[in-house]
There are 2 protein chains.
Amino acid sequence: MRISDKHQKITQAAIKVFARKGFFNARISDIAKEAKVADGTIYLYFNNKYDILISMFEDEIGKIILQVRLLIDQEEDPRKMMEIFALNHLQLIEEKRNLAEVLQMELRQSNKFMKEYRNKKFIEYIDIISTIVRKGQKMGLFSTKLLPGIIKCAYFGALDEMSRQWLLTRKPPYSIKEAARQVSDTFLHGMMTRPM
Amino acid sequence: MRISDKHQKITQAAIKVFARKGFFNARISDIAKEAKVADGTIYLYFNNKYDILISMFEDEIGKIILQVRLLIDQEEDPRKMMEIFALNHLQLIEEKRNLAEVLQMELRQSNKFMKEYRNKKFIEYIDIISTIVRKGQKMGLFSTKLLPGIIKCAYFGALDEMSRQWLLTRKPPYSIKEAARQVSDTFLHGMMTRPM
DNA sequence: TGTACAAAAATGAATCATCATTCATAAATG
DNA sequence: CATTTATGAATGATGATTCATTTTTGTACA
């Protein structure tokens, strides 16, 4: 077995275990068992428990950024881009439930993670949104009164909270697609009644 | 000193300590020291460490619900109500930074908290939003295509993410008021350029 | 092929520090 | 002086990390 395989195997096991029990309640021996590896082996690939979390985050969110960039770059219209971002984000939650749970519940929580460790990758991800907003403003599509930094937070936050609900309640009363559409529509057009 | 005073003193100390170190990294002896009380005393008022967290949550969010209800009930127009909810929520973060930090980072994280413990109070708080949406739909102000359950998530999520940013970066580049206005405006009117 | 052997990788029991919790005792109260 | 409240040192469980030992791997040579 190649070295990187075992690294990967431990990471995947950790995602499962962290999702199930949470970072602090997860024991190294849980991860080891899940990865079918000895406890000590984990320390050949990671410095410590916390390092597993960080390293998982960097790897996985990196992949996600690549994927969504690819989709968005094929698009011309910033309005469409906003929709795509929403849909992609929510679909991700569905496809990678365990990972989503860790990213959402565990990483978020850790003051240490968000404060001390400057979270480059995460910022890179949500900055995709503000870039789209700026593009839309330049094209005269979005109001120039909007602060891209605020819209970025609000849009990501809206999607993120949808995800949280989705993760907490196994059976949400609406589809991913419907949710993504309502969020992007609301941001783009607003909630007011109006003539179509 | 009345019993309830000591309970209160411990709760307030716990808020500080949890905000500073996070729930899992906080030691009971930290809280005891902060509250100027012996370690053992804490167990006269709470069953265990986790109980402190839960009990703090119930008490504090209860107060918050009362406060925002009071403000909203004075208002007729659902559009105004949405604005008030946003402003109130963000102002709260500013006024009660430590509490906000705990509610946001710590409670959220805990799978245990959000999953096993049916989180009535929290649901009650965000349900204020869906109630407003329904009212606005009945009055013909908001589109009936909107699912109140989705808007509730999205709106709360947007505000919550703003708060997170505010908490993480001491000096955000915009005021609470401006942020609240942009979020509520965007939801109500949308992002598109249009004739005023 | 098969054997020898050094280097690399893996093992998991033992170590050791860290707290949450308890409880025998002391102080405060009325 | 009895009852309530508070103390904080001692207990005991837990679990991350280490490291002496074993296993596997890759290479060289017969």
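Chain naming here is simple, since letters A, B, ... match the order of the sequence lines and numbering starts at 1 in each.
Counting to the nearest Å, the C1' atom of D:dT5 and the OH atom of B:Tyr45 are 7 Å from each other. The distance from atom CD1 of B:Ile52 to atom C1' of C:dA20 is 10 Å, rounded to the nearest whole Å. Atom CZ in A:Arg27 sits about 21 Å away from atom P in C:dT18, given to the nearest Å. Straight-line distance from the CZ atom of A:Phe24 to the C1' atom of D:dA16: 13 Å, rounded to whole Å. Atom CG of B:Asn25 and atom P of D:dA16 are 13 Å apart (whole Å). For the pair A:His7 NE2 and C:dA10 C1', the computed distance is 16 Å after rounding to whole Å. The distance from atom CG of A:Asp51 to atom P of D:dA16 is 14 Å, rounded to the nearest whole Å.
Side-chain proximity of B:Leu44 to the nucleotides D:dT7, C:dC19, C:dA10 is greatest for D:dT7.
B:Phe122 and B:Phe156 have their aromatic ring centers within a separation under 6.0 angstrom. Aromatic pair A:Phe24/A:Tyr50: centroids not less than 6.0 angstrom apart.
At least one cation-pi condition fails for A:Lys6 and A:Tyr45: the charged atom is not both under 6.0 angstrom from the six-membered ring centre and inside a 45 degree cone around its axis.
For A:Asp51, there are no salt bridge (charged side-chain N to carboxylate O under 4.0 Å, His left out) partners two or more places apart in sequence or in a different chain.
For DNA chain C, none of the residues of residues 30-38 of chain B falls under the heavy-atom distance limit of 4.0 Å.
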Distances under 3.5 Å between nitrogen or oxygen atoms of protein and nucleotides 17-19 of chain D:
from: D:dT17; atom 1: OP2; to: A:Tyr43; atom 2: OH; distance (Å): 2.6
from: D:dT17; atom 1: OP2; to: A:Lys49; atom 2: N; distance (Å): 3.1
from: D:dT17; atom 1: O5'; to: A:Tyr43; atom 2: OH; distance (Å): 3.4

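The aromatic rings of A:Tyr155 and A:Phe187 lie perpendicular to each other, with more than 60° between the two planes, well past the 30° mark.
With contacts defined as side-chain heavy-atom distances shorter than 4.5 Å, the pair B:Glu75/B:Ile132 does not qualify. Two residues are said to be in side-chain contact when any heavy atoms from C-beta on lie closer than 4.5 Å; A:Asn98 and A:Phe18 fail this criterion.
Between the side chains of A:Glu95 and A:Gln91, not a single donor N or O lies within less than 3.5 Å of an accepting N or O.
Between B:Lys6 and the phosphate of D:dT5, there is no side-chain N or O to OP1/OP2 separation shorter than 4.0 Å.
Residues B:Lys16 and B:Glu34 are paired through a salt bridge, judged by an N-O separation under 4.0 Å between the basic side chain and the carboxylate.
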